[in-house]
Amino acid sequence: MLARPIIPNYPDTKAATIPQLSDHPRDPASPDAVTRAATLALAALGWLLQDEERAARYLDLTGLDPDSLRAGLDSPQVLGSALEFLANYEPDLIRAAEALAVTPEELIAAQKDLTA
């Protein structure tokens, strides 16, 4: 049996599962902004990990291993590292934004909210 992807690729569910950061006033200090950013970062991380080569590059560049990544899923630093990784390679940033039905700017804003 094949494993299901972390983030299903169903267009009708993206808007329901990914908070639209542009729909909310952006106050990086607010708990809601951090929660929205963390949710978006988890979705982006799921997208990032769907490709083995991209996942290996992320783990190599961050120094994380699968166990430390799992242990850090509630850490703003780990979540922010996934968004920073995407921000540093524009083709992945654009593809991730398209897959998650957000703008690249929203991914960047989420990364800033997590690391503020």
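Predicted model only: the values in this text are computed from it and were never measured.
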Identify the two heavy atoms, one from [X] and one from [Y], that lie closest to each other, and give their separation to 0.1 Å.
X    : Y    : answer
G72  : V78  : O-CB, 3.3 Å
G80  : L114 : N-CD1, 3.8 Å
A110 : A37  : O-CB, 3.5 Å
L48  : A82  : CD1-O, 3.9 Å

Measuring from atom [atom1] of [X] to atom [atom2] of [Y], what distance do you get when rounded to the nearest 0.5 angstrom?
X    : Y    : atom1 : atom2 : answer
Q50  : L45  : CD    : CG    : 10.5 Å
I94  : L107 : CD1   : CG    : 11.0 Å
L61  : S81  : CG    : OG    : 10.5 Å
L79  : E84  : CG    : CD    : 13.0 Å
D113 : D32  : CG    : CG    : 11.0 Å
L42  : D74  : CG    : CG    : 9.5 Å

- Could you please spell out the steps behind the salt bridge (charged side-chain N to carboxylate O under 4.0 Å, His left out) verdict for D51 and R57? CA-CA 10 Å; D51 179 83; R57 193 175 71 222; over 6 Å; no
- Item | Check: R54 side chain, W47 main-chain N or O, donor-acceptor pair, under 3.5 Å | yes
- Message: Working note: L49 + L69, criterion side chain to side chain contact (heavy atoms under 4.5 Å, CB included); need CA distance, chi angles, decisive distance, verdict.
- Response: CA-CA 11 Å; L49 295 174; L69 176 60; 3.9 Å; yes
- Query: L73, Y58: one ILVMFWY side-chain cluster at the under-4.5 Å cut-off?
  - Reply: yes
- Task: Please check if any side-chain donor atom of S68 sits under 3.5 Å from a side-chain acceptor atom of D65, or the reverse.
- Result: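 Yes.
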- Residues E106 and T103: side-chain donor-acceptor under 3.5 angstrom: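 Note: E106 and T103 side chains meet the donor-acceptor criterion.
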